[in-house]
Amino acid sequence: MHFMKLTKIITLFLITACAVDNEEPYDLIISNVTLIDGTGKEAVKNTSIYIRGNQIAAINSEKVKQTANVIDGTDRYLVPGFFDCHVHTSTFKEDFPRLLHYGVTTIFVPGGSTCSDEYYAQMRIMGAQDSVPSPRVFHTSQHFTMEGRHPVKTYASSNWVEGETVFFLRDTAQIAALVRKVSQSPIKGIKLTLEDGPAPPFVERMPQEFVNKVADEARKAGTEVFAHVSDNIELAMALEAGIQNIIHYTGVDIDWEKDQELIASINQGELSWVTTLMIDKGFLYALHPEWMEIPEIAEIYDSEEIEKLKNPVNIRKAKEFLDFLINDYGIKDPTLENIISPQVSDIKRLYESEVNMVLGTDTGNDFIFPGYSLHEEMQLLELGGMDPLDIIKMGTLNASRMLKVSDRLGSIEEGKIADMVLLDKNPLESIQNTLSINTVIKNGKIQKRLN
């Protein structure tokens, strides 16, 4: 009797052992790393992440037995792949490898002068493959604006073609059909440009009834609206229409004592709001050539960009921007910190009141560099007093929430797609350390970086 029991036990043990030995190997393992998962939770040391196919199959602290396809994460830090949620590009085949080089595995493109349906499709195709380094791509419709207004007048170009790269709203009667038309495309929502421009000379704003009509028709069509605003008036206009995605913070200035009605409107919805502080730094670059001298940018961006710094037109524009800040915003000493800190103070307060604050740069403007400038955006937030753990969440999980893809992207959790960045230095000690990139992984595969 005892012999039979012993035989059964031995047999069961052998079957179990064989099952473990014959378990399908993982395609990639990052072992013994400090995990910063993007959810805002504290970092967890000595963690191993197991990838099968393009998904995170398991996360635990067990000793790794597999020897092939293992990256040793000892003394390293793992974060989710970063999102840049405000990217324009007219040269995406050049820009996409740069974005991925800097750990940006997902981008959101809110229109642009070259963004026809065909151009959007080309970007999506490149972003969906793994042989050429590219971020995955989400985008809005083409701009909904009005003739002679922002951005067509502000950024004049022959690329603006009505019905292809931009839609002009001439009356509210046309809006329903137009919304239905663009909603058939694989968009994340409608790009509504209601603002009067980022700087003088300003144009007219879009009338409120047009804003309301676009928002109403978008809700009927089951799509979102992403509003382009640059001051408190335009923010209030978007909120009055029930729009829940704002793709600029720059230009807004909340008075927390006086703007109670505006604050109430912000808090009553589920607002997502993109930062784009790099707009201000970009305007100042021509006065600070030393900003381009650090190795992390000099090794990727060539002398052509450095020559732009010497262009008298860019220097003049930078000085005019300083005058604008002094005369119109009352910033007596417009250093980068003095310009940025009040904005970050507001962003931090919005973040703490559970507004879904999201990182974006407005890449496509001069001196806002694809990939690198997302790290500058994070540095500006830290300069203004935000915690690195919160900044990382804004650039990962919060971004995925705005794009409605948090079920599969934006954090390092079991079952999600394996987009992640391995760092050599601790980003929680200084957000500058997000530039210490060792390895970029997208879709479960190690990506080739530049140089």
Side-chain angles (χ1 to χ4, degrees), residues 15-39 41 43-83 96-107 124-138 371 392 395-397 399-400 403 405-424 427 434 436-451:
I15 291 171
T16 304
C18 288
V20 171
D21 291 341
N22 293 330
E23 184 178 319
E24 181 185 355
Y26 293 99
D27 295 306
L28 184 64
I29 300 173
I30 300 97
S31 69
N32 198 40
V33 75
T34 297
L35 175 63
I36 302 167
D37 68 7
T39 66
K41 296 177 184 174
V44 181
K45 296 181 179 180
N46 304 319
T47 303
S48 295
I49 291 83
Y50 302 80
I51 298 166
R52 184 169 284 131
N54 71 344
Q55 286 192 325
I56 300 166
I59 300 173
N60 58 47
S61 58
E62 296 174 6
K63 187 175 181 181
V64 174
K65 297 178 181 179
Q66 183 175 317
T67 56
N69 301 321
V70 177
I71 298 174
D72 184 4
T74 303
D75 297 327
R76 294 188 174 119
Y77 303 82
L78 192 69
V79 297
F82 293 112
F83 288 60
F96 280 12
R98 290 173 169 175
L99 284 155
L100 201 74
H101 173 83
Y102 289 104
V104 178
T105 57
T106 302
I107 62 170
R124 292 196 307 271
I125 289 167
M126 187 168 173
Q129 53 75 54
D130 294 311
S131 57
V132 178
S134 310
R136 61 184 79 248
V137 178
F138 300 102
I392 291 169
T396 55
L397 185 60
S400 72
L403 298 178
V405 293
S406 60
D407 59 326
R408 60 187 188 276
L409 295 170
S411 60
I412 301 175
E413 298 179 273
E414 289 184 10
K416 289 195 174 184
I417 293 173
D419 287 3
M420 49 190 70
V421 183
L422 184 64
L423 305 174
D424 287 329
T434 57
S436 68
I437 298 173
N438 179 286
T439 306
V440 178
I441 297 163
K442 176 198 162 197
N443 223 30
K445 297 179 178 64
I446 296 172
Q447 300 294 301
K448 183 179 179 181
R449 300 179 68 219
L450 301 175
N451 290 348

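In what follows, residues are counted from 1 in the order of the sequence shown.
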Could you check whether any side-chain heavy atom of [X] comes within less than 4.5 Å of a side-chain heavy atom of [Y], counting everything from C-beta outward?
X      : Y      : result
Pro135 : Phe96  : yes
Asn69  : Ile29  : no
Phe82  : Thr396 : yes

Has [X] got a side-chain atom pairing as donor or acceptor with [Y]'s backbone, closer than 3.5 angstrom?
X      : Y      : result
Gln66  : Val64  : no
Ser411 : Thr39  : no
Thr47  : Lys45  : yes
Asn54  : Gly444 : no

Between atom [atom1] of [X] and atom [atom2] of [Y], what is the distance when rounded to the nearest 0.5 Å?
X      : Y      : atom1 : atom2 : answer
Tyr77  : Ile392 : OH    : CD1   : 11.5 Å
Leu28  : Ile71  : CG    : CD1   : 4.5 Å
Ile36  : Leu78  : CD1   : CG    : 8.5 Å
Leu409 : Phe83  : CG    : CZ    : 5.0 Å
Met420 : Asp37  : CE    : CG    : 10.5 Å
Ile30  : Ile51  : CD1   : CD1   : 4.0 Å

Residues forming a ring pair (Phe, Tyr, Trp, His ring centres under 6.0 Å) with Tyr50, sequence neighbours excluded: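 Counting only residues at least two positions away or on another chain, Tyr50 forms a ring pair (Phe, Tyr, Trp, His ring centres under 6.0 Å) with Tyr26.
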
By ring pair (Phe, Tyr, Trp, His ring centres under 6.0 Å) - contacts of Tyr102 (at least two apart): Tyr372

Side-chain donor-acceptor contact under 3.5 Å, Asn32 with Thr74: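 Yes, because at least one side-chain N or O of Asn32 sits under 3.5 Å from a partner of the opposite role on Thr74.
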
Gln129 and Ser134 side chains, donor-acceptor separation under 3.5 Å: yes

Heavy-atom closest contact (Leu397 atom, Gly38 atom, distance):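 Closest approach of Leu397 to Gly38: CB-O, 3.4 Å.
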
Closest approach of Lys442 to Leu100 (non-hydrogen atoms, all atoms of both residues):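 Reported closest heavy-atom pair: CD-CD1, 4.3 Å.
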
Sequence neighbours excluded - salt bridge (charged side-chain N to carboxylate O under 4.0 Å, His left out) pairs with any residue from residues 411-421: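 Residue pairs with at least one partner in residues 411-421: Arg136-Asp419, Glu413-Lys416.
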
Ion pair check, Arg76 and Asp424, cut-off under 4.0 Å: yes

